[in-house]
Amino acid sequence: MGKKNKNESSSSDLLQTLGDFTSKENWDKFFTIRGCDDSFEWYAEWPQLRGPLLSLLGPPSAQILVPGCGNSRLSEHLYDAGFHGITNIDFSKVVISDMLRRNVRDRPDMRWRVMDMTNMQFTDESFDVVLDKGGLDALMEPELGPKLGNQYLSEVKRLLKTGGKFICLTLAESHVLVLLFSKFRFGWKLCVHPIPLKSSCRPSLQTFMIVAEKDDISVLHQITSSFNRSSLDCNKSQAFGIHEALEKENQIRSEYSNGSDILYSLEDLQLGAKGDLKRLSHGRRFELALGVHGDSQFGYRAVLLDAREDCGPFIYNCGVFIVPKTRAHEWLFSSEEGQWMVVESSKAARLIMVLLDTSHANASMDDIQKDLSPLVKQLAPGNESGAQIPFMMASDGIKQRNIVHQVSSSLTGSIIVEDVVYENVDADISRLWPSEDLKFRRLVFQRTQGLVQSEALLMKDVSSHKIVSETDRKKAVSSSKSKRRGFQRQNDDSGNRLKVYHGYLASSYHTGIISGFSLISSYLESVASTAKTAKAVIIGLGAGVLPMFLRACMPLLDIEVVELDDIMLNLARDYFAFTEDTNLKVHVADGIQFVREITNSFAADELPVHGNFDASDNTRLPLNGSCSASSTKVVGSSRVDVLIIDVDSSDSR
């Protein structure tokens, strides 16, 4: 007994010296030191495995593959139980030579091959059973990623006959289960069984047997298990992990079965998740993820669309359309209706639309096309695997871009001020300046690069242009001398002193806000007729473009802006010619707290209010004072006539 404990101790110590379980040299050294007669068993031994295995293997004539066999006696026990069609492989020449010598006389029909389990030299559908005892776990070291495990499981699926079984003995760690469950999702029946621990063992890590049976590729099954959480003998962490993995995967499978709009993997599709991809199916559309298992440099979100029946003729059998991250949010590329329009214009019978995101920011188009090519070839219809697939791309619409300033804020992150010239501009403004390449100044947050936060037109001489009415134009250009000096200092463009023009809203978002004033036009007219002012509060300054437009075009407004980030205020002043005056003020404060203080003060009647007050009129709030980010004090007696919320959020939902 003492000798056995010593061997077990030395085996454990020796195994720890391996370091990288995927290194052939390390395993050669391990088996050389250990010798052929001293077998090493992963996880469980024959007494615990005998019953479950013999009930699953089928008839004795079954062809069984044992990848990563090592010097385990499992194959020998199976052979002695009547299963003679066993092929053992390992990439260690040392262990295969030792095992062949150990078994050549007593088990002459057993086969031994030196072979890499991630690239096996057997023909398709050669085996009835693939029996893995710790092999997948060895390939799935967390720091190595899923690449080797993915390659190995693809080989397993290729080698199994229809009705064949992959029997995997594993510790069922979460990163292993995520890969295994997803690889055997469509066309496989999965069941999970716990292997009983030795009676002498205290609760510790338990070995699980996961059985994947090859079935009809069009069927999606729920994973079954022969245990419940309370019945497991293993530690609580392992029990929780496997139950969580099972619940998550079965939820995914339920969503697939219910037709939920989720991303299909390339492997799901090859297994028939959306029908036969080699055939065109008019009007078929689904979203998919490419490169998700480490089989490419990048991961991609894509949409596959087979042209509708009334489309055609087609120039291409299959095409790829790349949408840059700056345009992925646009209706044409983000909506189903818009995507079908792109399909029609592409003249492709099948179009794979790839939507880039921030993960591709530092990649060139050549890199992306090279990375995508082998992936999209697997999605091409027909059998012309060598046919050229054209790559098309949506322009980002920018002819010229120059970064004027970049700064980082603790509240907002990286902020970019850039001047751009568009390939095409709005028809109304292009008619006014048909011969000019109009330049626009934009404010962009790095965290949402596809969204322009503020945008303004840059002009050499705004005094001669009429976009708003003559009266409004005069108001817009009657700025103070200090304001004009600010224009010249901050908007010098290579000697051409371009100025931000506040008489035109370049952002359609701001135009939408302005259109809301039509709902209170009669009230504003009545205010103007009495030569009074209306109070407007804007939560969110941005680049100050909107309040400056309102100040120029609606002189009856008394405007107060609340901005949380003082860096934004500095950018607005320095790069967008924002200026304050007696009718336009900015408070650096929390907008929510600002409005809350106004509302509370008004509701509690803490302030003297001149004139009559209708308590049912909750659209007008008292405001006229100052506040800080930590404390807000409301003074005065004015009411808020217009409240505009124009804020950014880091939460994309």
(Q) Could you walk me through whether Phe576 and Arg441 satisfy the side chain to side chain contact (heavy atoms under 4.5 Å, CB included) test, starting with their C-alpha distance in whole Å, then the side-chain angles of each, then the deciding distance to 0.1 Å, before giving a yes or no? (A) CA-CA 8 Å; Phe576 290 85; Arg441 178 154 294 174; 3.4 Å; yes
Q. Is there a side chain to side chain contact (heavy atoms under 4.5 Å, CB included) between Val354 and Val323 once you walk through the steps?
A. CA-CA 6 Å; Val354 179; Val323 181; over 6 Å; no
Q. Would His360 and Tyr300 satisfy ring-ring contact (aromatic ring centres under 6.0 Å, His included), going step by step from the backbone distance to the final call?
A. CA-CA 9 Å; His360 311 107; Tyr300 306 91; 5.0 Å; yes
Q.
One pair to check against side chain to side chain contact (heavy atoms under 4.5 Å, CB included): Leu269 and Phe286. What are the steps and the verdict?
A. CA-CA 10 Å; Leu269 299 170; Phe286 55 84; 3.4 Å; yes
Q: Apply side chain to side chain contact (heavy atoms under 4.5 Å, CB included) to Val452 and Tyr509, showing your working.
A: CA-CA 10 Å; Val452 178; Tyr509 175 75; over 6 Å; no
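Side-chain contact, Asp357 with Ser359: a donor N or O sits under 3.5 Å from an acceptor N or O. A donor atom on one side chain and an acceptor atom on the other are found under 3.5 Å apart for Glu560 and His587. For the 3.5 Å distance criterion, the side chains of Glu247 and Gln251 fail to qualify, holding no donor opposite an acceptor.
You'll find the side chain of Glu563 stays beyond 4.5 Å of the side chain of Val588, heavy atoms only. In this structure, Val561 and Ile559 have side chains that are in contact, with non-hydrogen atoms separated by less than 4.5 Å. Between Leu557 and Asn583, the closest side-chain pair of non-hydrogen atoms is not below 4.5 Å. Side-chain contact between Phe333 and Phe321: present, with at least one pair of heavy atoms (C-beta onward) separated by less than 4.5 Å. The side-chain heavy atoms of Val444 and Ile415, taken from C-beta on, include no pair separated by under 4.5 Å. Residues Thr579 and Met548 meet the side-chain proximity criterion, which asks for heavy atoms closer than 4.5 Å. Under the 4.5 Å side-chain criterion, counting only non-hydrogen atoms from C-beta, Leu550 is in contact with Phe517. Using a 4.5 Å cut-off on side-chain heavy atoms (C-beta onward), Arg401 and Val421 make no contact.
Listed by chain and number, the residues in a side-chain contact (heavy atoms from CB on, under 4.5 Å) with His405 are Val407, Val417, Leu571, Tyr575 (sequence neighbours excluded). For Glu580, the side-chain contact (heavy atoms from CB on, under 4.5 Å) test picks out Arg573, Phe578, Lys585, Val586, with sequence neighbours left out.
Classification of Asp641 and Lys535 as a salt-bridged pair fails, no side-chain N sitting under 4.0 Å from a carboxylate O. The pair Lys439-Asp419 fails the salt-bridge criterion, with no side-chain N (NZ, NE, NH1 or NH2) lying under 4.0 Å from an Asp/Glu carboxylate O.
In terms of heavy atoms, Leu304 sits closest to Leu288 at N-CD2, 3.6 Å. Contact detail for Asp590 and Val562: the closest heavy-atom pair is C-CG1, 4.2 Å. Between Val527 and Ala534, the shortest heavy-atom contact is CG1-N, 3.9 Å. Nearest heavy atom pair, residue Ser408 against residue Ile567, reads O-CD1, 3.7 Å. When all heavy atoms are compared, the tightest approach of Met568 to Gly542 is CE-O, 3.6 Å. The heavy-atom pair separating Gln406 from Ser414 by the smallest distance is NE2-OG, 3.2 Å.
Of the possible polar contacts, none joining the Thr412 side chain to the Ser409 backbone as a donor-acceptor pair under 3.5 Å is found. Between the side chain of Ser182 and the main chain of Leu179, a donor-acceptor pair closer than 3.5 Å is present. Here the side chain of Asn250 pairs a donor or acceptor atom with the backbone of Ile223 at under 3.5 angstrom.
Within the model, atoms CG of Leu290 and CG of Leu375 stand 5.5 Å from one another, a figure rounded to the nearest 0.5 Å. Of the inter-residue distances, the one linking Ile513 atom CD1 with Leu505 atom CG reads 9.0 Å to the nearest 0.5 angstrom. Here the CD-CD distance, from Gln339 to Glu344, works out to 13.0 Å after rounding to the nearest 0.5 Å. The CD atom of Gln369 sits 8.5 Å away from the CG atom of Leu372 when rounded to the nearest 0.5 Å. Note that OG1 of Thr511 and CZ of Phe549 are 7.5 Å apart. Values are rounded to the nearest 0.5 Å. Note that OG of Ser507 and CG of Leu443 are 11.0 Å apart. Values are rounded to the nearest 0.5 Å.
Counted within 6.0 Å of CD1 on Ile592, heavy atoms from surrounding residues, nucleotides or ligands total 12 or fewer; the atom is thus considered open. The neighbour count for Met341 CE, taken as heavy atoms of other residues, nucleotides or ligands under 6.0 Å away, does not exceed 12.
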